[in-house]
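Labels below follow one simple rule: chain letters A, B, ... track the order of the sequence lines, proteins then strands, and each chain is numbered from 1. Just so you know, these numbers use all the heavy atoms, side chains as well, and skip hydrogens, waters and symmetry mates. Every value quoted in this text rests on a predicted model; they were computed, and no experiment measured them.
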Amino acid sequence: MSAPVRVRFAPSPTGYLHVGGARTALFNWLYARHHGGKFILRIEDTDRARHNEAAVQVIYDGLRWLGLDWDEGPQAGGEFGPYFQSEREAIYQRYFDQLNAAGHLYDDGGAWRFRFQREVVEVDDLICGKVAFDFGNIEIMPDMTIRRPDGSWIFHFVNVVDDIEMQMTHVIRGEDHLSNTPKHIQLYQALGAAPPRFGHIPLILNKDGSKMSKRDQGASITSYIEAGYAPEAVLNYFCLLGWSPKDDSEILPREEIIARFDLANVNRKGAQFDLAKCDWFNSQYIQQMPMSRYLELVQPWLEKAGIYADAAALEPVLALEKMKVTHLREVPDRISFFFTEDYAFDPAAVEKSLRNPGTLERLAQLSEAYASVTPFDAPTIEAKLKELATTLAVKPAEFIHPARVAVSGRSVGPSLYHMLEVLGRDRVLARLQRTRERFAA
RNA sequence: GGCGCUAUCGUCUAGAGGCCUAGGACACUGCCCUCUCAAGGCGGGGACACGGGUUCGAAUCCCGUUAGCGCUACCA
């Protein structure tokens, strides 16, 4: 029986969480959850200049938003801490001394270099397979600096030391580290430690195949939060970048992804990022999620827009447009006219539907018919409108379009009859009345 | 330059020698449904980078070329 799985996500606090990083965290998390192991968060802030609370907070926020909970790390504790590299100085010094005592290091103008064994090192990667690297030529594989003249540490060294100290069993990281791996393996060997298993996952590229940079759309996890994505949708989309369940399913619940995830079916090819497909996942998730979850996700957006209403008032309104929403941030604008009598009239809609001769008369006729219709529900309202149209020998559209603009101020919106039902008779009649007065001149 | 990884529709992918006249999804597009906008339904166009092998047979195996990406830091 092999040791329980221990994997980690080890970001540098740069002030934002990149999709590539988030996807690396996700695959590590999935691997841990699938195997019942531990997922550890370690902050690689050796460069103290870049360390600051806000930058670290962005990482916490991004991971939590995606639902990637860590078993050990900052704010979670654990027996292998501290989990900030900036607080592990004594440990690094100890390993440095060990390496130095064994003759693996030499001083090179104040910087300390690790002397490689001049041999072939094979990496047996869980995703890429066996890859051999030849350290035979010192000219093309120079020894590696692990400590700067000012005493600060180089990534390769502290990364390996921490992985040893924290007893990582697997290192799942971006493919950009594949070429670094043989160097790390040499470090493990010099330190007398057994290397973990490695798995290098393909990189996430831009829409045009170039490397995704900070500025690119969709590059930062914060941008998903701010654009109104549902985390479950984004998580699902990210999983499918480089991993496939191997059948045609795409919308996969988190639990099923955990159950089916395996490094063996992670691709080796870099995946280009397609925000349009991410949008599709989002709209699918919104469409299918229960109203309670939808309400929860939409609430912050409503508050931001100054729309306050209790769930009982909100739910029927939200239900009208739920299947049309792509980004949660659209919601307030779609439903704002339900919560104020001072809704704005779209000039183009007014021009198109309220200015025609006889239109206001139609609204009056509709008001009269609706004053007594019972019950005031969609089917009955619809039947009544059609009956009225038939009686007056005009097309239903002669009522429908003006009525839509009259009660909502716009030409685009929910199904008219359902919208009227949710608005309720009193508000409908009042809105029709006011619209007639307003546009009477 | 050296070393490494990769190479199926525009994109994400299925495909582990015959099931492939290459399947699904997004995007695009035609039609249907329809009170608007969506959603949904039914269609359409669209790919095995190229060249050599191996084999009765290759998208699938091998070699080469080309292209993309990564590493080659006293960045992480």
What nucleotide, of B:G15, B:A76, B:U72, holds the atom closest to the side chain of A:His177? B:A76
By nearest atom, which of the nucleotides B:G24, B:U13, B:C3 is closest to the A:Ser244 side chain? B:U13
Taking the six-membered ring for Trp and the full ring for Phe, Tyr or His, determine whether the centres of A:Phe114 and A:Phe116 are under 6.0 Å apart. yes
How is A:Asn267 classified with respect to the nucleic acid when contacts are heavy atoms under 4.0 Å: base, sugar-phosphate, or nothing? sugar-phosphate
For B:U55, the Watson-Crick or wobble partner whose two distances fall under 3.5 Å: none
A:Arg148 side chain N/O closer than 4.0 Å to the phosphate oxygens (OP1, OP2) of B:C75? yes
Could you tell me whether A:Arg260 and A:Asp247 make a salt bridge, using a distance below 4.0 angstrom between a side-chain N and a carboxylate O? yes
Using a 4.0 Å heavy-atom cut-off, does A:Gln284 contact any base of the nucleic acid, only the sugar-phosphate backbone, or nothing at all? sugar-phosphate
Take atom NZ of A:Lys386 and atom P of B:U34, then tell me their distance rounded to the nearest Å. 9 Å
Of the candidate nucleotides B:C5, B:A27, B:G70, which contains the atom at the shortest distance from the side chain of A:Val131? B:C5
Is the phosphate of B:C74 approached by A:Arg113 (side-chain N or O, under 4.0 Å from OP1 or OP2)? yes
For A:Ser415, answer base if it contacts any base atom (sugar-phosphate contacts may also be present), sugar-phosphate if it contacts only those atoms, and nothing otherwise; contact means non-hydrogen atoms under 4.0 Å. base
Describe the nucleic acid contact of A:His200 in one word from base, sugar-phosphate, nothing, applying a heavy-atom distance below 4.0 Å. nothing
Rounded distance in Å between the C1' positions of B:G15 and B:A76: 37 Å
Does the separation of the ring centres of A:Phe155 and A:His177 fall below 6.0 angstrom? yes
Does A:Thr46 place a side-chain N or O at less than 4.0 Å from the phosphate oxygens OP1/OP2 of B:A76? yes
Would you say the rings of A:Phe238 and A:Phe27 are close, in the sense that their centroids are separated by under 6.0 Å? no
Just the rounded figure in Å: distance from C1' of B:G70 to CG of A:Asp125. 14 Å
Identify whether any heavy atom of A:Ala397 sits under 4.0 Å from a base atom; if not, whether one sits that close to sugar-phosphate; answer base, sugar-phosphate or nothing. nothing
Whether A:Asn265 contacts B:A16 is assessed here as follows: a side-chain N or O lying under 4.0 Å from the phosphate OP1 or OP2. Is that the case? no
Which one is paired to B:G1, where only Watson-Crick or G-U wobble pairs with both distances under 3.5 angstrom count? B:U72
Answer with base, sugar-phosphate or nothing: what part of the nucleic acid does A:Pro414 contact at a heavy-atom distance below 4.0 Å? base
Please determine if a side-chain N or O atom of A:Asn159 lies less than 4.0 Å away from the OP1 or OP2 oxygen of B:A76. no
Please name the residue in the list A:Val56, A:Ile59, A:Leu41 that meets the side chain to side chain contact (heavy atoms under 4.5 Å, CB included) test with A:Pro74. A:Leu41
Name the nucleic acid region contacted by A:Lys352, choosing base, sugar-phosphate or nothing; use a 4.0 angstrom heavy-atom cut-off, strictly under. nothing
Is the A:Tyr229-A:Tyr237 ring centre distance short of 6.0 angstrom? no
Counting only distance, no hydrogens or angles, is the base of B:C5 paired donor-acceptor with the side chain of A:Arg268 under 3.5 Å? no
Taking any heavy-atom pair under 4.0 Å as a contact, classify A:Gln287: base, sugar-phosphate, or nothing. sugar-phosphate
Roughly how many Å is it from CG in A:Asp134 to P in B:G2, rounded to a whole number? 15 Å
Using purine N1 to pyrimidine N3 plus N6-O4 or O6-N4 for Watson-Crick, or N1-O2 and O6-N3 for G-U wobble, both under 3.5 Å, which nucleotide pairs with B:A14? none
Taking the side chain of A:Lys324 as its heavy atoms from C-beta onward, which of B:A38, B:C69, B:C75 lies nearest to it? B:A38
Specify the separation, in whole Å, of atom CD of A:Glu382 and atom C1' of B:U34. 11 Å
Partner of B:G45 by Watson-Crick or G-U wobble geometry, both contacts under 3.5 Å, or none? none
Work out how far the C1' atom of B:U21 is from that of B:C5, and round it to whole angstrom. 34 Å
Could you tell me whether A:Phe9 and A:Trp70 have their ring centroids closer than 6.0 angstrom? no
Just call it for A:Pro396: base, sugar-phosphate, or nothing, with non-hydrogen atoms closer than 4.0 Å on any strand. nothing
Remember a base hit wins even if backbone is also touched, and classify A:Tyr417 as base, sugar-phosphate or nothing at under 4.0 Å, heavy atoms. base
Nucleotide forming a Watson-Crick or wobble pair with B:A7, both distances under 3.5 Å: B:U66
Base, sugar-phosphate, or nothing for A:Asn180, non-hydrogen atoms under 4.0 angstrom? base
Could you measure the distance from the CD1 atom of A:Ile204 to the NE2 atom of A:His18? Nearest 0.5 Å is fine. 7.5 Å
Any donor-acceptor pair under 3.5 Å between the side chain of A:Lys277 and the base of B:A25? yes
How would you label the contact of A:Gly242 with the nucleic acid (heavy atoms, under 4.0 Å): base, sugar-phosphate, or nothing? sugar-phosphate
Find the distance A:Ile400:CD1 to B:C35:P and express it as a whole number of Å. 6 Å
Indicate whether OP1 or OP2 belonging to B:A39 is found under 4.0 Å from a side-chain N or O atom of A:Gln288. no
Whole-Å distance between B:U72 C1' and A:Ile138 CD1? 15 Å
Report the residue (A:Leu241 or A:Lys269) whose heavy-atom-nearest nucleotide on RNA chain B is the more 5′ of the two. A:Lys269
Go through B:U36, B:A25, B:U13 for me and flag the one nearest to the A:His401 side chain. B:U36
Sugar-phosphate, base or nothing in reach of A:Thr145, heavy atoms under 4.0 Å: sugar-phosphate
Value in whole Å for how far the P atom of B:A38 lies from CG of A:Asn282: 18 Å
Could you check which of B:G10, B:C35, B:U13 has an atom nearest any side-chain atom of A:Asp274? B:G10
Looking at B:A76, B:C26, B:C5, which one has an atom nearest to any side-chain atom of A:Ala276? B:C26
In terms of the nearest nucleotide of RNA chain B, which residue is placed more toward the 5' end: A:Val325 or A:Gln85? A:Val325
Nucleotide B:A76, atom C1' - distance to CG of A:Asp163 in whole Å: 14 Å
With a 3.5 Å limit on both atom pairs, tell me what B:G40 is paired to, counting Watson-Crick and G-U wobble, or say none. B:C32
Side-chain contact check for A:Ala271: nearest option of B:G24, B:G2, B:U13 is B:U13
Examine A:Trp112 together with A:Phe96 and report whether their ring centres are nearer than 6.0 Å. yes
